[in-house]
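Note that this is a predicted model, so its numbers are computed, not measured. The chains referred to below are lettered A, B, ... by the order of the sequence lines, with proteins before strands, and numbering in each begins at 1.
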Amino acid sequence: MATLSTVPPLVFATSTSRPFPPHQTHRNKPTTTTTNSLKNCKTIDELKLFHHSLAKQGLDNDVSAITKLVARSCELGTRESLTFARKLFDFSHGSRFMYNSLIRGYASSGLCEEALLLFLRMMIDGVSPDKYTFPFGLSACAKRRAARDGVQIHGLVVKMDYAKDLFVQNSLVHFYSECGELVCARKVFDEMPLRNVVSWTSMICGYGRRGYAKEAVDLFFEMMSSEDVRPNSVTMVCVISACAKLEDLEICEKVYAFVSSSGVEVNDVMVSALVDMYMKCNDNDTAKQLFQQYGARNLDLCNAMASNYVRQGLTKEALSVLSVMMDSGVKPDRISMLSAIASCSVLKNVLLGKSCHGYVLRNGFESWDNVCNALIDMYMKCQKQETAFKIFDWMLNKTVVTWNTIVAGYIENGDVDAAWETFRTMPEKNIVSWNTMIGGLVQESLFEEAIEVFRSMQSQEGVDAEGVTVMSIASACGHLGALDLAKWIYYYVEKKGIQLDVRLGTSLVDMFSRCGDPETAMSIFDSLANRDVSAWTAAIRAMALSGNAEQAIELFDEMIEQGLKPDGVVFVGALTACSHGGLVQQGKEIFESMQKVHGVCPEEVHYGCMVDLLGRAGLLEEAMQLIKSMPLEPNDVIWNSLLGACRVQGNVEMAAYAAEKIQVLAPERTGSYVLLSNVYASAGRWNDMAKVRLSMKEKGLRKPPGTSLIQIRGKTHEFTSGDESHPEMPKIEAMLDEISELGHVPDLSNVLMDVDEQEKRFMLSRHSEKLAMAFGLISSNKGTTVRIVKNLRVCSDCHSFAKLVSKMYNREIILRDNNRFHFISQGKCSCNDLW
DNA sequence: CTAGGGTTAG
């Protein structure tokens, strides 16, 4: 190693204890010594000492020396060095070069307002900007997205005749792209007579960063084919990051093949971008290969891997990447900590989370608001709200993300009221705030409220929804079965030009099928490109729910033909279709094929479907055999299927057996008691029925009240069994009386109360679906369809009541219960009276 | 002088 005495100028880079070797105080060679020494100044203290020595030499008024010192201070780019440079600048006669140095320093260290103010002062001072000033100024505007300032500078560029300068043009392209004005950027780009690699890179990057990944990649290939310009590593990084956003492995591989063959130098930044690209395409193997090849000691590369692992939900892998990195002696930075804290949040590992918090504090990362937000998120998700709020209160610059984190945290813990209160009072909202709140309400089954919030988002705040927003709202709408709203949502998506990708499309298919409009559901499904298994499942479910079992099975076969690998969920759809349609043979075949052909292990729910299928077809013994032969322990869902089948088939003994099993496995499940008492009632075994009722009472179980929903002119009306509070009640009662005079014979076995016959008749006539039906008849136009959604299974009396109504009033009635749809018209129901 | 990856909330 060189000693201090042999290489004097190095003294500033390595030590501040002996700032100046004695021979440099000689006045005869000031310029060379200053230039050489300045280049080696790497801290503000060294610069100040340097200035001190200039003063000693009487050189502190030397314009050339001070200019160079200012330039070097600006290059360092720290707040302190910039302040120091500014002081020197203010004391001296600012040359154009000095202005440029400072504007550049401000811009590159993020003090963009300062940069622009100085730009302005420069002109006021009568120093005209030159071809160097414009790129610096535009760069500041780009960073701050200061569109207005940038446009003014553009005007100045034209006026002062700098518009032909290549560097200025490149800066304009960059500025316009960063501000999202891609049309303007492209205009400048297109009008350039000569373009260099930076011009192309700026344009490509502009497209990529503003969400036009496809255009970015296309432009790259255009550059390759049409121009005499070769890409460099910066160009490649831009293209690679655009590919990452495309999530299209084929294009990624094409680009990677290019990288390997082009001879472009592969640097650290590029490897990070490549790893990120492969992981965004979920090709972790290739990413790991690159990781091995280029070294795990690269902090940025590890950060890219960790953050992607977190995104994929592989939190353990994320933590392991970081710990391997630490083992090799690389210290995690604040970006590493974001992944580490997020992992703790997902894993609900508050212990590790706390130690991350400690590391954050020891390294001063707590001044970064995104680190604090991650910590708040972690503590909220780990149910340490007090700690979360301590950080929240301590934070000086809370952003909208901070507030959103709190709202999401409350929702995660099921505290909708607190979430709402925070949401209502937070100082600023963005689309994520709305999505969080709406999604939370849907998650808590507060569908009406979710739709209400969605409405006020548009009407009062004028905020446009995103695909994610619509997916939540579609789910709420599907639960409510509100077809008019569903149609409006679909219209909204088209009108606002919201991209109808597979995920959104699937949720719309589901929505329409749950609203009893299978035709629209299928037309949306047909229009979808790149259908995945979930999309097919939604379509199959739509057909199954509406009683089109054959079509559902056709869809299932078509999906297999197209080479998609079925999962457990799609088998539920297919088997449900068979069950509802009475397709016993197909159902058996599909069930058999699950394991043998497709390698999908049947779960409880699939056995439940089979029990249901066999039971409905009257094959109760076979269903029982299947249960006994199960490799899994039969759960309450399976016994409930059997119980349901027993009710339909009137098998009292087996029903009692199944109900007994359920009461052991899931004592809180009220439905089984109700079903069993139904079975007894139908068989006329009133004593047994009374026993069931009594045991329910003893256990403090109550049948949840039947509730039916109906939408009339956009408003949801809710009817609860026996509830007479609806304002139109007199008219509804008159309607009910009118119908009963048409010859409806009540089936009193549906009343599970121990009351006299007259009382039973009355209670039966006040079932929620009857109230809703009567209300539907009186408040909608003749001939229109009446759509009702019920929370429980429809009772047999209401079912025959609906059939009568459909015939006598010439109305289609679409009744959705908690199990399936009943499309009722002209006295017939799509369920063939089996449900 | 101009262009670049990994960054918290749903």
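- For the OP1/OP2 pair of B/dT2 and a distance below 4.0 Å, the side-chain nitrogens and oxygens of A/His174 include no atom meeting the criterion.
- Side-chain atoms of A/Glu421 and A/Tyr410 form no donor-acceptor pair, as typed in the model, at a separation below 3.5 Å.
- Out of B/dT2, B/dA9, B/dA3, the shortest distance to the side chain of A/Asn232 is found at B/dA3.
- Contacts of A/Arg209 with the nucleic acid, taken as non-hydrogen atoms under 4.0 Å apart, involve only primed sugar atoms and P, OP1 or OP2.
- Nucleic acid contact class of A/Lys381 (heavy atoms, under 4.0 Å, all strands): sugar-phosphate only.
- Within 4.0 Å of A/Asn430, counting heavy atoms only, lies at least one base atom of the nucleic acid.
- The neighbour count for A/Leu194 CG, taken as heavy atoms of other residues, nucleotides or ligands under 6.0 Å away, does not exceed 12.
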Indicate every side-chain donor-acceptor pair of residues 202-213 of chain A with a distance under 3.5 Å to a residue at least two apart or in another chain.
{"residue": "A/Ser202", "atom": "OG", "partner": "A/Val198", "partner atom": "O", "Å": "2.8"}
{"residue": "A/Tyr207", "atom": "OH", "partner": "A/Arg186", "partner atom": "NH1", "Å": "3.1"}
{"residue": "A/Arg209", "atom": "NE", "partner": "A/Glu178", "partner atom": "OE2", "Å": "3.3"}
{"residue": "A/Arg209", "atom": "NH2", "partner": "A/Glu178", "partner atom": "OE1", "Å": "3.1"}
{"residue": "A/Arg209", "atom": "NH2", "partner": "A/Glu178", "partner atom": "OE2", "Å": "3.1"}
{"residue": "A/Arg210", "atom": "NH1", "partner": "A/Glu178", "partner atom": "O", "Å": "3.3"}

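- Nearest to the side-chain atoms of A/Phe167 among the listed nucleotides B/dC1, B/dG4, B/dA9 stands B/dC1.
- Between A/Ser307 and B/dT7 there is a side-chain N or O to OP1 or OP2 distance below 4.0 Å.
- The separation between A/Asn397 atom CG and B/dT8 atom P is 17 Å, rounded to whole Å.
- Residue-level contact check: A/Leu338 touches the backbone only, with heavy atoms under 4.0 Å from sugar-phosphate atoms and none from bases.
- More than 12 heavy-atom neighbours from other residues, nucleotides or ligands sit within 6.0 angstrom of NZ on A/Lys143.
- Within the nucleic acid shown, A/Asp268 has no heavy atom closer than 4.0 Å to any nucleic acid atom.
- Nucleic acid contact class of A/Glu466 (heavy atoms, under 4.0 Å, all strands): base.
- A/Ala408 comes within 4.0 angstrom of the backbone, heavy atoms only, and of no base.
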